[in-house]
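Working notes, structure below.
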Amino acid sequence: MSALCDVEAPPCDPLARARALHWLLAGGLALAAMASLQVGAVDVSLSAMLAKLVQGEALSQMERVVLLDIRLPRLAMGVLVGAALAVSGAAMQGLFRNPLADPGIVGVGAGAGLGAILAIVLGAFLPVWVIDLTGNQLTPFAAFLGGWGSTILLYRVSTRHGRTSVATMLLAGIALGALAGALSGILVYIADDQQLRDLTFWGLGSLAGASWAKVLSAGPLIVLSVGAALMLGRGLNGLALGEATAAHIGIDVQRMKSIAILAVAGATGAAVAVSGGIGFIGIVVPHLLRLASGPDHRALLLNSALLGATLLILADVIARVVIAPAELPIGIVTAVLGAPVFLWILLKRRGLVEL
Amino acid sequence: MSLIAENIRVSYGPREALRGVDLTAAPGEVTAIVGPNGSGKSTLLGAITASLPFRGRVRLNGRDIAAMKPWDLAAKRAVLPQASRLAFPFKVIEVVRLGLQSGTAGDRPEVPMQALARVGLAHYANRTFQELSGGEAQRVMLARVLCQVWAPVEDGQPRWLLLDEPVSSLDIAHQLQVMAIARDFARAGGGVIAVMHDLNLTALFSDRVAVLAEGQCLAFGTPPEVLTDETLSRAYGCALRVSAPPPAGVPYILPHAATA
Ligand SMILES: Nc1ncnc2c1ncn2[C@@H]1O[C@H](COP(=O)(O)OP(=O)(O)OP(=O)(O)O)[C@@H](O)[C@H]1O
Ligand SMILES: [Mg+2]
């Protein structure tokens with residue numbers, strides 16, 4: 001960290017530096033987005049299409065479909081999911097005052113997983129009209145309900161006399177996770193082979209099912225939740241001093257906690273519902289950014305959104321090209337690339353990684 | 001325009017930590033709260049700062065704090081906790097600026113550096129807070145608190161410094177420096193309430209002293225009125241002798257220096 005600011009110099013302004021990073025990261029996101037439109041199983045490239053457009057030639061039917069109906073919604077979903085996961089991670093870490101917290105702590109992951117498994121294994125027993133009601137998207141729908149429901153339950157359990165205990169929430173989250181895991185285990189036991197395959201792939205996450213319908217159903221909630229979370233910068237900074245001190249400097253701590261928890265449940269719940277379980281983004285991205293530009297949440301949250309979106313898009317590009325025309329689950333890519341990078345940073349920074 | 005706590009009662013579960021305490025602090029004065037460990041000093045400060053549920057009433061500049069919003073309170077009083085831990089590796093200057101964002105000096109970016117200079121840590125601005133020593137950290141927190149109520153009087157109303165053991169981990173020079181900061185704040189028209197363990201500093205710097213013992217106020221008054229053999233011995237449960245140096249010109253010999 002000391003490289004950031006010279007100890008003898010006039011007072012540094014880490015916030016200004018972190019805000020300058022917004023532009024750099026936005027540029028990175030733009031480049032990643034172009035790469036994502038350029039690359040794919042079908043040999044249709046963005047550059048060739050742009051050249052055609054410039055020369056006034058019409059795009060072929062196939063080019064249209066690939067670009068507008070396959071790659072563009074996939075890109076949009078990648079941006080939404082990546083931003084949602086990374087911002088949720090940063091917000092949770094600020095709320096729990098712990099750099100290891102991730103959205104899973106508020107029970108979203110466990111609940112969403114259980115919801116998805118229920119839908120995959122028992123969905124066939126549901127009357128047809130229920131499945132029609134969800135627009136044939138029973139699994140995402142159930143995952144979202146499961147994630148949201150478990151967060152609300154946790155929030156209820158840990159709120160007494162209008163005050164939410166973050167520590168209780170953590171412990172109750174572990175209990176709830178164990179319970180959801182056990183129920184999932186029972187369902188796995190009775191699942192048939194095809195369902196087991198579906199389950200495994202759901203758990204590894206993928207953007208392969210991206211469609212405009214999914215983008216439009218998850219998008220508004222993610223945008224709203226991420227937007228709300230971005231407003232929490234000042235309050236989360238105060239919370240770094242502890243709940244009592246945060247209140248002393250004028251922050252409505254309880255209101256902030258409620259907003260943070262609901263925003264994280266909304267953003268992560270929707271993201272997990274449309275993309276399955278994608279790990280690592282929520283922990284690695286905020287941590288990298290704190291190392292690069294300090295912990296000020298007023299810049300950290302937006303930077304997390306930008307970097308999270310960028311990394312997820314890049315991971316998706318890799319997932320698409322490595323074994324093309326088949327695809328890797330994106331969760332494998334984020335873990336295989338994210339884990340070594342994370343370990344390397346931890347080793348290099350040993351002693352400086354403050355908890 | 002005072003800070004008045006009336007009949008404050010606080011229970012932690014079945015145990016009563018405060019059993020009906022009254023305290024009036026006037027602006028322009030340093031009011032000290034002393035008493036043995038566990039007598040309820042921090043708890044009383046907690047009630048006055050609205051950080052824990054209590055029965056009774058606290059009025060700040062004539063308004064009931066129960067009816068005031070967090071940001072409203074933050075503009076009128078700043079609180080130094082007994083101990084603080086910071087969660088992320090913020091720079092010292094960032095920590096001090098946290099006091100700025102809630103106070104009313106928000107449009108005066110030079111205030112944090114002035115506050116750091118006031119506690120003698122101007123050259124620490126770019127250090128990481130978590131790497132500071134205990135005493136340095138305590139002084140940085142004081143700078144943050146000073147930032148929040150930088151002007152002791154605003155809109156004709158006094159502002160308040162509420163300090164829980166502000167000198168507990170400081171060396172003697174910085175104890176004097178910090179107490180002088182508190183006294184100057186009061187002399188400029190602000191109000192100060194400080195929880196103290198050092199009775200000599202209390203006698204030196206405070207205008208009023210409240211002695212707490214077992215959740216009750218044993219005595220309240222000026223230091224000469226309150227710091228007596230009888231009151232202190234009762235409060236602390238051990239025989240204490242208060243002495244005053246003789247008037248100038250009279251030689252006196254302390255037996256401490258004698259060698260057998
Ligand atoms: N959170 C709590 N839960 C239960 N009991 C508490 C709690 N905080 C304080 N107490 C009890 O209330 C009493 C008063 O505590 P308080 O912290 O006010 O003491 P104090 O006068 O500030 O002591 P010290 O000089 O050690 O700081 C003590 O008996 C303490 O054990
Ligand atoms: Mg105390």
Side-chain angles (χ1 to χ4, degrees), chain A residues 1-15 17-18 90 93-99 101 161-163 233-256 286-287 290-291 294-300 349 351-355, chain B residues 42 45-46 49-53 68-104 106 109-110 112-113 116-117 122-131 141 144-145 147-149 162 164:
Chain A
M1 293 308 297
S2 50
L4 250 187
C5 297
D6 183 349
V7 171
E8 296 302 325
C12 59
D13 194 352
L15 180 61
R17 282 160 180 271
Q93 287 147 26
L95 190 65
F96 286 89
R97 311 178 65 213
N98 187 328
H161 307 298
R163 290 193 187 200
R234 203 182 76 96
L236 290 176
N237 281 349
L239 207 60
L241 291 163
E243 289 188 18
T245 303
H248 293 156
I249 65 174
I251 291 159
D252 190 336
V253 175
Q254 184 56 34
R255 207 179 112 223
M256 192 188 69
H287 190 78
R290 269 193 293 270
L291 288 176
D296 194 320
H297 291 91
R298 285 171 293 177
L300 179 69
R349 290 271 170 184
L352 267 182
V353 185
E354 290 95 354
L355 290 181
Chain B
S42 298
L45 212 63
T49 58
S51 10
L52 45 80
M68 293 171 76
K69 291 287 176 198
W71 50 91
D72 207 359
L73 283 167
K76 302 216 162 39
R77 59 102 180 95
V79 186
L80 182 72
Q82 188 166 354
S84 22
R85 261 193 68 232
L86 190 65
F88 296 104
F90 283 95
K91 299 286 171 201
V92 165
I93 187 69
E94 292 182 283
V95 173
V96 180
R97 285 189 188 127
L98 283 177
L100 200 60
Q101 53 172 277
S102 55
T104 44
E110 73 284 2
M113 274 314 280
L116 265 184
H123 53 298
Y124 275 51
N126 297 341
R127 294 267 298 264
T128 301
F129 180 83
Q130 288 157 332
E131 293 166 1
M141 282 300 165
R144 169 182 69 72
V145 165
C147 239
Q148 192 178 333
V149 288
L162 310 177
D164 196 349

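Residue numbering restarts at 1 for every chain, and letters A, B, ... go by the order of the sequence lines.
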Handout entry: Partner set under salt bridge (Lys or Arg N to Asp or Glu O under 4.0 Å) for B:Asp72, not counting sequence neighbours
Key =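 B:Arg63, B:Lys76.
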Within the structure provided, determine whether [X] and [Y] are in side-chain contact (heavy-atom separation under 4.5 Å).
X: B:Leu98; Y: A:Asn237; answer: yes
X: B:Thr49; Y: A:His248; answer: yes
X: B:Arg97; Y: A:Leu15; answer: no
X: B:Phe88; Y: A:Asp296; answer: no

Exercise for the section: List the steps, then state whether side chain to side chain contact (heavy atoms under 4.5 Å, CB included) holds for B:Met141 with A:Thr245. Expected result: CA-CA 11 Å; B:Met141 282 300 165; A:Thr245 303; 6.0 Å; no
Practice task
Check whether B:Leu73 gets within reach of chain A through its side chain, its backbone, both or neither, counting any heavy atom under 4.5 Å.
Solution key: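 Neither the backbone nor the side chain of B:Leu73 comes within 4.5 Å of chain A.
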Practice task
Starting at CZ of A:Arg290, measure out to CZ of B:Phe90 and round the result to the nearest 0.5 Å.
Solution key: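 So the CZ of A:Arg290 and the CZ of B:Phe90 are separated by 9.0 Å.
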Practice task
Start with the C-alpha gap between A:Leu241 and B:Arg85, add the side-chain angles, then the distance that decides, and say whether side chain to side chain contact (heavy atoms under 4.5 Å, CB included) holds.
Solution key: CA-CA 6 Å; A:Leu241 291 163; B:Arg85 261 193 68 232; over 6 Å; no
Practice task
With sequence neighbours left out, write down each residue that passes side chain to side chain donor-acceptor pair (under 3.5 Å) with B:Ser84, or none if nothing qualifies.
Solution key: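 Side chain to side chain donor-acceptor pair (under 3.5 Å) check on B:Ser84 returns nothing, list empty.
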